[in-house]
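Chain A is the first sequence line, chain B the second, and so forth, proteins listed ahead of strands; every chain is numbered from 1. Since the model is a prediction, treat every value here as computed from it, not as a measurement.
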2 protein chains.
Amino acid sequence: MSLEHAILVSLLERPASGYELARRFDRSIGRFWTATHQQIYRVLKRMEADAWITAEEVGQDGLPDKKVWSATPTGRAALVTWLRAPVQPEAVRHELAVKIRGAAFDDADGRAALVAEVERYRADHEATLAGYLTGERRDFPDPDALDAQGALQHVVLRGGIAYERMVLAWLDDVLATLRNLDPPNRKATP
Amino acid sequence: MSLEHAILVSLLERPASGYELARRFDRSIGRFWTATHQQIYRVLKRMEADAWITAEEVGQDGLPDKKVWSATPTGRAALVTWLRAPVQPEAVRHELAVKIRGAAFDDADGRAALVAEVERYRADHEATLAGYLTGERRDFPDPDALDAQGALQHVVLRGGIAYERMVLAWLDDVLATLRNLDPPNRKATP
DNA sequence: GGTTGCTATGCAACGAGTTGCATAGCAGGA
DNA sequence: TCCTGCTATGCAACTCGTTGCATAGCAACC
């Protein structure tokens with residue numbers, strides 16, 4: 001598994017507390033790897049036991065202390081070993097696709113509800129895309145003047161943008177297909 | 001969770017044994033929901049206990065007997081209930097994206113290995129796309145003359161095709177970015 | 001005759017991921 | 001004053017997913 005490795009990448013990019021990591025996994029890293037704070041704290045403990053990371057206790061004004069974690073040379077070596085191993089095939093779990101095929105076994109009311117749900121889902125993805133584009137303008141104003149780390153972050157973000165655009169186009173296709181199954185009644189000619 | 005629901009959709013489309021389901025989850029359904037045969041057999045047992053499905057024992061010439069499962073009205077009702085519930089946000093796990101960002105912490109040799117790995121990965125996706133397109137020509141020769149079930153299967157397949165095309169384009173972007181980090185040495189002018 | 005490979009089903013153990021809950025200090029608003 | 005919400009960390013229980021193994025008959029090949 002590679003939650004460990006995703007955390008190592010994130011800590012090498014910038015040291016962080018478990019809480020900060022959890023927030024990153026809701027945003028930047030979370031675009032391609034999700035994790036909850038419980039998972040993160042558990043894995044951090046294991047990584048510390050393996051000496052992949054070390055903590056520095058930091059007191060804060062008016063806030064609880066936090067442990068700021070950094071990757072050790074051992075951790076970095078473990079990351080490099082993993083980087084050079086073959087990429088595992090992805091486990092796809094696309095619930096919406098199951099529901100779309102399932103819609104053949106519901107009635108027109110159910111399909112109308114699905115249309116509404118797909119519209120909501122589409123709005124979420126539109127907001128995600130807008131967020132990516134804003135982040136791109138903010139973080140990569142001059143794409144030709146990036147170091148290795150920046151260039152790699154940028155190409156991953158471009159992947160997210162391409163994904164969201166593809167999803168939006170497909171959802172339009174889905175909506176047209178669903179609407180076509182139960183066309184609205186036309187007024188009878190008088 | 002919805003492995004149960006993916007199985008219900010598959011059984012409503014056509015009854016099948018556990019083994020046949022496992023093969024479907026390596027192919028058509030597997031495009032958007034993966035499952036191993038052990039998972040499937042375990043879930044089938046639970047679904048039978050809940051009366052969502054029933055089995056018919058079928059003897060075969062020269063092959064072991066199999067249990068052919070069908071969805072019951074109870075199972076179909078359970079599917080419809082689930083269909084009308086909100087779509088859960090997807091849990092994204094994109095290992096390659098982690099490795100790409102991690103490549104900033106490896107050396108040129110490591111990045112060269114990653115380029116080779118991305119090329120292999122790209123070839124896999126190219127083969128997947130070719131398989132989808134072949135399947136589309138075979139299963140949907142006349143897209144305008146489909147019933148509801150066929151139209152919905154087709155739009156999901158179009159989603160798979162759009163996804164693979166997007167991935168291929170992005171992988172080309174990734175390869176260009178990686179190669180640009182460690183440009184090959186040019187011959188010194190004599 | 002032995003090996004490999006396919007159909008067909010299943011158990012057991014383990015590891016990963018989810019959900020609910022708990023603590024605790026401080027800030028801000030009703 | 002109480003309630004909500006944010007930072008910050010963690011335990012416990014449960015479910016889901018993965019891996020290894022086992023059985024068993026038949027077919028094809030060397």
- To the nearest 0.5 Å, tell me how far A:Trp82 CH2 sits from B:Asp106 CG. 11.5 Å
- Message: When you measure from the side-chain N and O atoms of B:Arg46 to the phosphate of D:dC16, is any distance below 4.0 Å, counting only OP1 and OP2?
- Response: yes
- Query: Would you say B:Arg42 reaches D:dT15's phosphate, i.e. side-chain N/O to OP1/OP2 under 4.0 Å?
  - Reply: no
- Query: Checking B:Arg31 against B:Tyr132: charged group under 6.0 Å from the ring centre and within 45 degrees of the axis?
  - Reply: yes
- Partner residues of B:Asp26 under the salt bridge (Lys or Arg N to Asp or Glu O under 4.0 Å) criterion, sequence neighbours left out: none
- Item | A:Asp26 CG - D:dC6 C1' separation (whole Å) | 14 Å
Between N or O atoms, less than 3.5 Å apart, protein on one side and nucleotides 8-10 of chain D on the other: list the pairs.
from   : atom 1 : to      : atom 2 : distance (Å)
D:dA8  : OP1    : A:Gln60 : OE1    : 2.8
D:dA8  : OP1    : A:Gln60 : NE2    : 2.1
D:dT9  : OP1    : A:Lys67 : N      : 2.9
D:dT9  : OP2    : A:Gly18 : N      : 3.4
D:dT9  : OP2    : A:Tyr19 : N      : 2.8
D:dT9  : OP2    : A:Tyr41 : OH     : 2.9
D:dT9  : O5'    : A:Tyr41 : OH     : 3.3
D:dG10 : OP1    : A:Lys67 : NZ     : 3.1
D:dG10 : O6     : A:His37 : NE2    : 3.1

- Message: Surrounding CD of B:Gln149 (heavy atoms of other residues, nucleotides or ligands, distance under 6.0 Å), is the total greater than 12?
- Response: yes
- Integer-rounded Å distance: C:dT18 P and A:Arg93 CZ: 11 Å
- Round to the nearest Å and state the distance from A:Gln88 atom CD to D:dG17 atom P. 18 Å
- Query: Between A:Ile40 (CD1) and C:dT18 (P), how many Å, whole number?
  - Reply: 11 Å
- Query: If you measure from the Lys or Arg side-chain nitrogens to the Asp or Glu carboxylate oxygens, is any gap between A:Glu13 and B:Arg101 under 4.0 Å?
  - Reply: yes
- Task: Starting at atom CD of B:Gln39, determine the distance to atom P of D:dT15, rounded to an integer number of angstrom.
- Result: 15 Å
- Message: Applying side chain to side chain donor-acceptor pair (under 3.5 Å), can you list everything that pairs with B:Ser10, at least two apart in sequence or on another chain?
- Response: B:Arg24
